[in-house]
Amino acid sequence: MVVLIFWDRAFRTPAGDNTYFYNAKEALTDKEGNFEIPSYTPINLLPIISYIKDPEFIIFKPGYGSLRMVLGQYLTGEVLKTKEMELSGKIYRLSPGIIELPKLKTREERIESFHRVVGYPIGYGPGNKFKYLKEQIDIEYKNLFEK
């Protein structure tokens, strides 16, 4: 399973914010599903005209429900409680240190999960920032569309 965290920088303009890729970190999980992403604090040297958006997470494994969202709202507050989140009719369980992805049973569910992840941010930013995610997406693409 791959976990990708990425940040965007938003520049304030009279017409609204323009958002651009800032940085990303990714990791593969071990056999037990554990992962570690080194601590990282984005630095914004232009706070008057820009800001760094909250990090967005992508968690992906072929054959499982994928997550792509800002998880802050689910990982704060009552830390000792398990929280459930519904996404596309599937239940994801989040508890301290654990994010449980549902196993997908049908090809249609897998395609929906696949499309939730493919695209942005894969198509922009330095290619080496998304190496593991690209590999996992290629595996799922072959499983779904090249059989």
Side-chain angles (χ1 to χ4, degrees), residues 1-104 109-142 144-145:
M1 179 177 347
V2 65
V3 178
L4 174 75
I5 302 172
F6 65 96
W7 294 262
D8 284 334
R9 169 178 273 159
F11 287 92
R12 296 177 177 97
T13 71
D17 292 348
N18 286 328
T19 303
Y20 301 93
F21 172 78
Y22 179 74
N23 200 1
K25 301 285 182 181
E26 74 175 342
L28 290 175
T29 60
D30 63 17
K31 292 177 185 176
E32 289 80 40
N34 298 314
F35 69 94
E36 183 175 339
I37 294 181
S39 176
Y40 177 74
T41 303
I43 298 172
N44 185 13
L45 299 175
L46 306 167
I48 295 172
I49 61 170
S50 72
Y51 61 96
I52 307 298
K53 296 177 76 174
D54 288 337
E56 188 169 342
F57 291 75
I58 293 177
I59 303 172
F60 183 77
K61 180 176 182 177
Y64 287 81
S66 60
L67 280 178
R68 179 178 170 184
M69 63 187 308
V70 176
L71 290 175
Q73 63 183 325
Y74 294 99
L75 300 178
T76 59
E78 298 178 18
V79 178
L80 299 177
K81 283 190 148 183
T82 298
K83 299 175 184 182
E84 289 188 348
M85 173 183 66
E86 184 174 340
L87 184 61
S88 300
K90 296 289 179 190
I91 300 297
Y92 294 77
R93 288 186 184 84
L94 299 101
S95 59
I98 299 172
I99 299 172
E100 183 181 317
L101 302 179
K103 177 85 170 145
L104 302 179
E109 289 176 331
R110 289 177 71 178
I111 289 171
E112 182 182 339
S113 180
F114 178 80
H115 287 300
R116 189 176 306 120
V117 172
V118 173
Y120 174 86
I122 307 306
Y124 86 138
N128 62 344
K129 296 288 185 179
F130 314 120
K131 176 185 171 197
Y132 300 133
L133 184 58
K134 285 180 181 180
E135 289 172 359
Q136 294 296 302
I137 285 173
D138 287 347
I139 290 168
E140 185 71 335
Y141 182 86
K142 288 175 185 172
L144 291 171
F145 304 110

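The residues of the chain are indexed from 1 along the displayed sequence. Computed over heavy atoms, backbone and side chain alike; hydrogens, waters and symmetry mates excluded.
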- Task: Evaluate whether atom CD1 of Ile43 has more than 12 neighbouring non-hydrogen atoms of other residues, nucleotides or ligands under 6.0 angstrom away.
- Result: no
- Query: Under a 4.5 Å cut-off applied to non-hydrogen side-chain atoms, are Arg68 and Ile58 in contact?
  - Reply: yes
- Item | Note, Arg9 side chain near Thr19 side chain (heavy atom, < 4.5 Å) | no
- Does any non-hydrogen side-chain atom of Val2 lie less than 4.5 Å from one of Lys61? no
- CG of Asp54 to CG of Asp8, rounded to nearest 0.5 Å, is 11.0 Å
- Item | Heavy-atom donor-acceptor pair, Ser50 side chain to Leu46 backbone, under 3.5 Å | yes
- Query: Will you find, in the side chains of Tyr40 and Asn23, an N or O donor that is under 3.5 Å from an N or O acceptor?
  - Reply: yes
- Shortest non-hydrogen contact from Tyr64 toward Ser113: O-OG, 3.3 Å
- Query: Side chains of Val117 and Leu133: does their closest heavy-atom pair fall under 4.5 Å?
  - Reply: yes
- Item | Working for side chain to side chain contact (heavy atoms under 4.5 Å, CB included), residues Ile59 and Met1 | CA-CA 7 Å; Ile59 303 172; Met1 179 177 347; 3.5 Å; yes
- Message: Looking at Thr29 and Phe35, would you say the former's side chain and the latter's main chain have a donor-acceptor pair under 3.5 Å?
- Response: no
- Item | Contact check, side chains of Phe60 and Leu101, non-hydrogen atoms, under 4.5 Å | no
- Item | Residues in salt bridge (Lys or Arg N to Asp or Glu O under 4.0 Å) contact with Glu140, at least two apart in sequence or another chain | Arg110
- Side-chain heavy atoms of Phe114 within contact of Ile137, under 4.5 Å: yes
- Going from CD on Glu36 to NZ on Lys25, what distance comes out if it is rounded to the nearest 0.5 angstrom? 12.5 Å
- Is the distance between the ring centroids of Phe21 and Trp7 less than 6.0 Å? no
- Task: Could you check if a side-chain atom of Ile5 sits within less than 4.5 angstrom of a side-chain atom of Glu56, using non-hydrogen atoms only?
- Result: no
- Note on the structure: Rounded to the nearest 0.5 Å, the CD atom of Gln136 sits from the OG atom of Ser66 at a distance of 12.0 Å
- What closest approach, in Å, do Leu104 and Gly65 show between heavy atoms, and which atom pair accounts for it? CG-N, 3.5 Å
- Query: Please walk me through it: do Asn44 and Tyr22 pass side chain to side chain donor-acceptor pair (under 3.5 Å)?
  - Reply: CA-CA 10 Å; Asn44 185 13; Tyr22 179 74; over 6 Å; no
- Leu4 versus Phe130: any side-chain heavy-atom pair under 4.5 Å? yes
